[in-house]
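Whatever order the structure lists them in is the order used to number ligands and atoms, beginning at 1. A quick note: this is a predicted structure, and the numbers were derived from the prediction, not measured.
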Amino acid sequence: MSAKEVNELIRQAAEKAMRETDSEPEPGLTEEINWPIKVELHRGLAGAISNTTQIGYVNGAKGWLIYRGFNCFDLAEKSSYEETCHLLLHGRLPSSSELSIFNEQLKKYRRVPQPVLDVLRMIPTESSHPMSALATAVSMLGNLDANSEDISVENETEISLKLISQMATLAGAIGRIRQGKEPLTPNPELSHAANFFYMLSGTVPDEMNERIMDVSLILHADHGMNASTFTTMVVNSSLSDMYSSVVGGISSLKGPLHGGANQQVVLNLREIGSVENVDSWYQKKRAAKEKVMGFGHRVYKAYDPRARIFGPIAKLMAEKSAENKTIYEIAAKLEEVVVSELGQERKIFPNVDFYSGIIYKAMGIDTDMFTPIFAVSRIAGWTARALEYLADNRLFRPRAVYTGPIKIDYKPIEDR
Ligand code: SDX
């Protein structure tokens, strides 16, 4: 299996997406907005508009994901995570000289200060989630950076580059420490994806694993105003520092409704155990009115384009071992069952988290490290959008509709 085969799968997924979604109607939200606009109140801020952006666009009806005008299928097939970060942060794909300067900057920042590793070693692995450890580590990076309180766009951009580079080092170190091993020193000869894989697993990836990790990092890099991006931007809008803002993003991403779902998916697939059990397991979930992890999305009412790419890659990886094959077959059956019941009518399809965990598992990565991988990628979107907003900052401060009583007379405690 080669990187070329992976790219071919992505191209086929893109063609399938085109065939299936091209006829879907174009929703709003791309045309110019005439302020002020009237909005309705929906729980969870569904449909609420927080700002304008040139960074990325998710078209939920058509199943499109676009970074600064570039379709995610093209980027996944042809680009690299480093190029994608340049695109998101600086607004355009780099020339080859710009890319080598950008790569050198990222490589220069890969090592993290020793006290951060010391703090990570102090965190008890039995009681701590790796995302909580990641948040602590980023907070510690901020505490150690004498420039962290300089909130200029220029300095925050430099810190963003540092964080893009160091998030991978931190996640790698956390994974190793959780296995009772020593963190590894970054390898400057390797690409961002290959070096991350190496620091997490201790092995330099082959061409195919490097490509798949790179594709995964590209596809998770940005996704509209998702909960963790919004959290990062809200913290940054008070002119707090970028480290604190990113700690907010990590904390939001941790939850099972957001980035933590892929970990749950693999646990569920293991619990199901065999293809024959899929139906009864699903019916029990439905009867208990529980959500099936890895399905549904606030914005996508069509198939998530990232899942279109990850599905075939998970299938490719399934050929590597009997265990991978079983897990993949259970997943494919679960998709069939869920989509046949909820697809047409409720527009519930697999999301990015459904197949990503299966891929990481096939790469030999521990289940509890799946969400940190999401953070290693999403740091690009968090920082790009926080920086874009910072350039014309206004404190985020929505209002709630108060539904409680307005006037109650105060009674002394003995009369209550
Ligand atoms: C990510 O926002 C982003 O962009 C996020 C993300 C990114 O890149 O940043 O794409 C990454 O977070 C992916 C989502 C990972 N989470 C999961 O897989 C968890 C399982 N899915 C869900 O809980 C749910 O679909 C959400 C949280 C993703 C979205 O939830 P919403 O928009 O708040 O929808 P809802 O919970 O209000 O559900 C609406 C209806 C309900 O039915 P009714 O009450 O109207 O009858 O859809 C049903 C739900 O029961 N539904 C599901 C379901 N998801 C929604 N039913 C069964 N299984 C599901 N997974």
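- Shown are Glu207, Glu8, Met208; of these, the side chain to side chain contact (heavy atoms under 4.5 Å, CB included) with Ser2 is made only by Glu207.
- Under 4.0 angstrom from ligand 1, the non-hydrogen atoms of Leu257 come from both its backbone and its side chain.
- At a heavy-atom cutoff of 4.0 Å, ligand 1 is contacted by the side chain of Phe374 but not by its backbone.
- From the protein, the heavy atom lying nearest to atom 47 (O) of ligand 1 is Ile348 CD1, 3.6 Å.
- Under a 3.5 Å cut-off, the side chain of Asn195 and the backbone N or O of Leu190 do not form any donor-acceptor pair.
- Ligand-side atoms of ligand 1 in range of Gly294: 17 (C), 18 (O), range being under 4.0 angstrom from any heavy atom.
- When heavy-atom distances to ligand 1 are checked against a 4.0 Å cut-off, His220 has no atom that comes that close, whether in backbone or side chain.
- Shown here, atom 42 (O) of ligand 1 is in close reach of the protein: a heavy atom of it lies under 4.0 Å off.
- Here is the list of ligand 1 atoms found below 4.0 Å of a heavy atom in Asn226: 2 (O), 3 (C), 4 (O), 5 (C), 9 (O).
- In the model, Asp241 has a side-chain atom that pairs as donor or acceptor with a side-chain atom of Ser244 under 3.5 Å.
- At the shortest separation from atom 9 (O) of ligand 1 among protein heavy atoms lies Arg378 NH1, 2.8 Å.
- Per-atom contact check: atom 19 (C) of ligand 1 touches the protein, criterion being a heavy-atom distance below 4.0 Å.
- For atom 33 (O) of ligand 1, the nearest protein heavy atom (residue, atom name, distance) is Arg298 NH2, 3.1 Å.
- Looking at ligand 1, you won't find any N or O of Asp353 less than 3.5 Å from one of its N or O atoms.
- A donor-acceptor pair under 3.5 Å is absent between the side-chain atoms of Asp304 and the main chain of Tyr300, judged by distance alone.
- The backbone N or O of Met369 sits nowhere less than 3.5 Å from a side-chain atom of Asp366 that would complete a donor-acceptor pair.
- Considering backbone and side-chain atoms together, Asp304 places no N or O closer than 3.5 Å to any N or O of ligand 1.
- Protein heavy atoms all stay at least 4.0 Å away from atom 37 (O) of ligand 1.
- The shortest contact between atom 54 (N) of ligand 1 and any protein heavy atom is with Lys291 CD, 3.5 Å.
- Of the protein's heavy atoms, none falls inside 4.0 Å of atom 26 (C) of ligand 1.
- A 4.5 Å side-chain heavy-atom check between Lys285 and Lys291 finds every atom pair outside the cut-off.
- The shortest side-chain heavy-atom distance between Phe354 and Leu334 falls under the 4.5 Å cut-off.
- Looking at His223 next to ligand 1, an N or O pair under 3.5 Å apart turns up.
- Remark: minimum distance from atom 44 (O) of ligand 1 to any protein heavy atom is reached at Arg346 NH2, 4.6 Å.
- Ligand 1 has no N or O atom lying under 3.5 Å from any N or O atom of Met293, backbone or side chain.
- Donor-acceptor pairing under 3.5 Å is recorded for the side chains of Ser228 and Trp382.
- The shortest contact between atom 11 (C) of ligand 1 and any protein heavy atom is with His258 ND1, 3.8 Å.
- Annotation: side chain of Ile309 is not in contact with side chain of Tyr355 (no heavy-atom distance under 4.5 Å).
- Ring-centre distance between His223 and His297: below the 6.0 Å cut-off.
- Protein heavy atom at the shortest distance from atom 24 (C) of ligand 1 is Phe295 O, 4.2 Å.
- Numbered from 1 in the order shown, with element, the atoms of ligand 1 that lie under 4.0 Å from a heavy atom of Ala261 read 15 (C), 16 (N), 17 (C), 18 (O).
- His90 places no side-chain N or O within 3.5 Å of a backbone atom of His86 that could act as its donor or acceptor partner.
- In this structure, the side chains of Val138 and Val116 stay at 4.5 Å or more apart for every pair of heavy atoms.
- At a 4.0 Å heavy-atom cut-off, ligand 1 touches Arg306 through the side chain alone.
- The aromatic ring centres of Phe196 and Tyr81 sit 6.0 Å or more apart.
- Closest to atom 5 (C) of ligand 1, if we only count protein heavy atoms, is His297 NE2, 3.6 Å.
- Tested against Arg385 for a side-chain hydrogen bond (donor to acceptor under 3.5 Å, both in side chains), the candidates Asp222, Asn51, Asn236, Thr232 yield a single pass: Asp222.
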